[in-house]
S.K.: 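Structure provided below as structure tokens; questions to follow.
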Amino acid sequence: MTTFASFLREREGSLTEQMDRPDCDPDRLRRSYARFPLVNFLVAAWGRNYTRRIRPLLSGSTPLTLLDLGCGGGELVRRLVRRAARDGLLLEATGADPDPRAHAFATSRPAHDGVTYLRADSTELLTGGRQYDVVVSNHVLHHLSAAELAAMLSDSERLARRLVLHNDLRRSRLAYLLFLAGFWPLGPGSYIHTDGLASIRRSYTQAELRAIVPPGWQVVRNGAWHLLLVYRPPGGGSA
Ligand SMILES: C[S@@+](CC[C@H](N)C(=O)[O-])C[C@H]1O[C@@H](n2cnc3c(N)ncnc32)[C@H](O)[C@@H]1O
């Protein structure tokens with residue numbers, strides 16, 4: 001029997017998120033993509049990742065290339081390119097997602113200088129011989145099976161020349177309760193609320209991720225609700 005004390009003690013990797021079902025409602029899915037920017041802005045701490053970890057690698061003369069794996073509706077790459085432009089720095093970003101529905105949504109948004117979208121997963125990008133200075137992801141790791149997670153980490157080690165940042169939810173009862181109570185207004189007509197709760201149940205603790213990641217990866221707290229996996233390829237410079 002699940003009690004409050006045992007709830008969320010274990011990761012519930014067998015739960016399926018509605019958005020991951022090929023037969024989910026397309027209108028609800030599109031509304032979910034459209035609401036990701038607000039969720040990410042409120043909880044995902046990319047402002048801090050940009051300022052502390054990405055901006056130090058940027059310059060005003062040579063563009064840095066960045067890949068967002070599992071970009072969904074594609075808002076993170078647009079946001080990072082806008083932030084860099086505001087700082088007078090050059091960033092060229094690619095958002096990649098293997099799901100044709102995500103790719104269709106991302107490419108339906110108004111075109112943005114410095115932003116490209118591809119329908120691909122990390123292994124296809126690697127096989128295609130692609131490399132980027134920085135590889136990131138947001139809210140993707142908890143969707144993956146153990147084998148997919150291992151492949152994504154191994155692929156991103158080879159796709160990145162300088163830095164990898166995988167940002168994901170940190171499983172906690174407080175996060176679950178606050179999301180349950182505070183994010184219901186984003187629920188109607190979308191999968192944000194139900195899948196957000198399932199996401200927290202599927203997500204990892206810091207100790208669980210530390211036990212999984214290969215040598216060379218760090219798992220650090222990122223704001224109140226997230227964990228950041230950080231990898232610096234050997235010889236890729238510091239920052
Ligand atoms: C919750 S959405 C996050 C979207 C986006 N990163 C954001 O934060 O707004 C998870 C995304 O991961 C993508 N995904 C699932 N499995 C993947 C894989 N093996 N490689 C790359 N992306 C994957 C899904 O297609 C989906 O778009």
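Numbers here are sequence positions counted from 1. First listed ligand is number 1; within each ligand, the first listed atom is number 1.
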S.K.: Would you say N138 and W46 are linked by a side-chain donor-acceptor pair, where the criterion is simply a distance under 3.5 Å?
M.R.: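 The criterion, which ignores hydrogens and geometry beyond distance, is satisfied for N138 and W46.
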S.K.: Decide yes or no for L227 and N222: does some side-chain heavy atom of the first lie under 4.5 Å from some side-chain heavy atom of the second?
M.R.: no
S.K.: Using heavy atoms and a 4.0 Å limit, tell me yes or no: is H139 in contact with ligand 1?
M.R.: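 So H139 counts as touching ligand 1.
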S.K.: Could you identify the single nearest non-hydrogen protein atom to atom 3 (C) of ligand 1 and state the distance to 0.1 Å?
M.R.: N138 O, 3.7 Å
S.K.: Are the side chains of V219 and V213 in touch, meaning some heavy atoms are under 4.5 Å apart?
M.R.: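 Side-chain contact under 4.5 Å: yes.
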S.K.: Could you identify the single nearest non-hydrogen protein atom to atom 21 (C) of ligand 1 and state the distance to 0.1 Å?
M.R.: P98 CD, 3.6 Å
S.K.: For ligand 1, is there an atom lying under 4.0 Å from some heavy atom of G73?
M.R.: no
S.K.: Flag the pair S203 / R170 as yes when at least one side-chain heavy-atom distance between them is below 4.5 Å, and no otherwise.
M.R.: no
S.K.: What protein heavy atom sits nearest atom 12 (O) of ligand 1, and how far away is it?
M.R.: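 Result for atom 12 (O) of ligand 1: V140 CG2, 3.7 Å.
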S.K.: Look up atom CG in D113 and atom CZ in R82, then write down how far apart they are to the nearest 0.5 Å.
M.R.: 12.5 Å
S.K.: Any cation-pi pair here, R9 with F7, using under 6.0 Å and within 45°?
M.R.: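 Output no; distance or angle outside limits.
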S.K.: What pair of heavy atoms forms the shortest contact from V140 to L144, and how long is it?
M.R.: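 What the structure gives for the nearest pair is O-CG, 3.6 Å.
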S.K.: Could you work out, for atom 22 (N) of ligand 1, the closest of G74, G70, S137 by heavy-atom distance?
M.R.: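 Nearest heavy atom to atom 22 (N) of ligand 1 lies in G70.
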S.K.: Near D99, which atoms of ligand 1 are under 4.0 Å from a heavy atom of that residue?
M.R.: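 Near D99, meaning under 4.0 Å from one of its heavy atoms, ligand 1 has 25 (O).
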S.K.: Below 4.0 angstrom from a heavy atom of N40, which ligand 1 atoms are there? Numbered from 1 as shown, please.
M.R.: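 Selected atoms, number and element: 7 (C), 8 (O), 9 (O).
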S.K.: Which atoms from ligand 1 have a heavy atom of G72 less than 4.0 Å away?
M.R.: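 The atoms of ligand 1 under 4.0 Å from a heavy atom of G72 are 4 (C), 5 (C), 27 (O).
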S.K.: Flag D68 as yes when one of its N or O atoms lies below 3.5 Å from any N or O atom of ligand 1, and as no otherwise.
M.R.: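 In fact, backbone or side chain, D68 has no N or O that close.
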S.K.: Does the Lys NZ or Arg CZ of R11 fall within the cation-pi geometry relative to Y204 - under 6.0 Å from the ring centre and within 45° of the axis?
M.R.: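 Cation-pi check for R11 and Y204: passes.
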S.K.: Do we get R28 above Y191's six-membered ring, with its NZ or CZ under 6.0 Å from the centre and within 45° of the axis?
M.R.: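 Yes, a cation-pi geometry holds between R28 and Y191.
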S.K.: Ring centroid separation for F179 and H193, is it under 6.0 angstrom?
M.R.: yes
S.K.: Who's the nearest protein heavy-atom neighbour of atom 15 (C) of ligand 1, and how far?
M.R.: L144 CD2, 4.4 Å
S.K.: Any non-hydrogen atom of C71 lying under 4.0 Å from ligand 1?
M.R.: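 Under 4.0 Å: yes for C71.
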S.K.: Identify the protein heavy atom lying closest to atom 25 (O) of ligand 1, giving its residue, its atom name and the separation to 0.1 Å.
M.R.: D97 OD1, 2.7 Å
S.K.: Answer side chain, backbone, both or neither: which part of S199 comes under 4.0 Å from ligand 1, heavy atoms only.
M.R.: neither
S.K.: With a 4.0 Å cut-off on heavy atoms, does H143 reach ligand 1?
M.R.: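 Yes; H143 lies near enough to ligand 1 that a heavy-atom distance drops under 4.0 Å.
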